[in-house]
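Down below is the structure, laid out as structure tokens.
Residue numbering restarts at 1 for every chain, and letters A, B, ... go by the order of the sequence lines. Source: prediction; values computed, not measured.
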2 protein chains.
Amino acid sequence: MKTLKIPEATIMRLSVYSRYLSEIDRKGIITISSGDIAEGVGVSPAQVRKDLAYFGEFGIRGVGYNVKDLHRHILKILGLSEGWNLALIGIGNLGLALSTYRGFKDRGFNITCIFDNNPEKVGMVINGIEVLHTDKIEEIIPQRKTQIAAITVPADAAQDVADKLVKAGIKAILNFAPVVLNVPPEIELRNVDLAVNLEVLTFNLGGRMA
Amino acid sequence: MKTLKIPEATIMRLSVYSRYLSEIDRKGIITISSGDIAEGVGVSPAQVRKDLAYFGEFGIRGVGYNVKDLHRHILKILGLSEGWNLALIGIGNLGLALSTYRGFKDRGFNITCIFDNNPEKVGMVINGIEVLHTDKIEEIIPQRKTQIAAITVPADAAQDVADKLVKAGIKAILNFAPVVLNVPPEIELRNVDLAVNLEVLTFNLGGRMA
DNA sequence: TAGATTGTTAATCGATTAACAATC
DNA sequence: TAGATTGTTAATCGATTAACAATC
């Protein structure tokens, strides 16, 4: 297998393509062209073909792609052909939102445990999962074979939580706290910062209005 | 003013720098170098200086940047020196999370109205704001001088909501529904897709483990 | 003056787009 | 065969990094 560097932007688009393909598949459509996909998700046809070309040849020249087939291939590429176990740390409103987010379950993410350090929340049961104290992270994460954690605690508690998760042997962290986390390089880390996204909007508005 | 194209990545980093600067400022630190900022947020010093250079000269050679001063400049650049009014559409768990998200209020975002199409939710009061039916969008958005909307409704309702918002004269949309929205080009649109972010993680894990 | 750090230019690196031969 | 659409290469575009003169 060639170890060509894949742009992260390509991976994000593949995720979008796959969701579009599942929609198309539900409509009973059998075959689709790169141009159709491009139009459906708002990129160029060349981009669609280039993104796919990193991973193989999935289409038929002159014809297009088989929808089910391509969908399956992309899910495989994204590592979604088997499920993943997910831990939630911090069960405020955002944690609660993630715990019920359909998009996760639909894509094969299975929430195995929920942690919080607020004694009033510990012991609550959310979707059949008991909320545990964050002190239990190191014990429970390996027990429940959980590879990914989403952090939704306040900014000043996030690094401490991250440290516990690393000790517990977590493989990847999705961080919603607006703070830069320090983790060893072998841990996959992504930050989702809601304010950053709003501020790109205000910058763009400012430019047009000023 | 030169109309040099500014990379979007630069804007996102400026948002991160500004949050870091406010933290540094709280600690009472007066002066900071590009190297310190770089280390604090995890980028290179050259990147920090380049990002700032798009907008002017804010530092003193041989010395560094005045923390308060630079912070103020960046907020101005991001359009955050005055506040913005924000509408929330869809008051499920994610909408609820946004309605109480400290990061928004802290950065000058003021939630003016909340909409939902569920009759059981219409009339509820959340943080002093009455939930209105989505049919009222066109009437209320202009009344309350609201320029930005966050969409947190299910995927199949999102385009309809977006159409209403456009008719209501909204300027920018932050879309959390996992669907590609069609809006006129003059509307600023950003998508925050939680599943996409998780799937970049699973792709990276897959690559290492396979 | 010597040391430090900026602002900026040039070099590098990476991603997107355009074009087209291959082929169904 | 003629028309369509892929896979891939080359050209373009854009962003990051390295280096250093300017200057405090």
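With sequence neighbours left out, B:His73 forms a ring-ring contact (aromatic ring centres under 6.0 Å, His included) with B:Phe58. Applying the ring-ring contact (aromatic ring centres under 6.0 Å, His included) criterion to A:Phe104, with sequence neighbours excluded, gives A:Tyr101.
In this structure C:dT17 sits in a base pair with D:dA10, meeting the Watson-Crick or G-U test at under 3.5 Å. In this structure, D:dT23 and C:dA4 make a Watson-Crick or G-U wobble pair, each of the two defining distances being under 3.5 angstrom.
Comparing B:Ile60 and A:Ala46 along DNA chain C, the residue whose closest nucleotide (by nearest heavy atom) sits nearer the 5' end is B:Ile60. Looking at which nucleotide of DNA chain C each of A:Asp51 and B:Ser34 is closest to, the 5′-most match is held by B:Ser34.
Taking a 6.0 Å sphere around CD1 of A:Ile29, one finds it holds more than 12 heavy atoms contributed by other residues, nucleotides or ligands.
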*Please lay out, stage by stage, how B:Lys164 and B:Asp160 fare under the test salt bridge (Lys or Arg N to Asp or Glu O under 4.0 Å).*
CA-CA 6 Å; B:Lys164 285 194 168 77; B:Asp160 182 57; 3.1 Å; yes

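Judged purely by distance below 3.5 Å, without hydrogens or angles, the side chains of A:Asn93 and B:Thr100 pair a donor atom with an acceptor atom. A donor-acceptor contact closer than 3.5 angstrom links the side chains of B:Arg107 and B:Ser18.
On the nucleic acid side, DNA chain C contacts chain B at distances under 4.0 Å to non-hydrogen atoms, with the end points of that region at C:dA4 to C:dT9.
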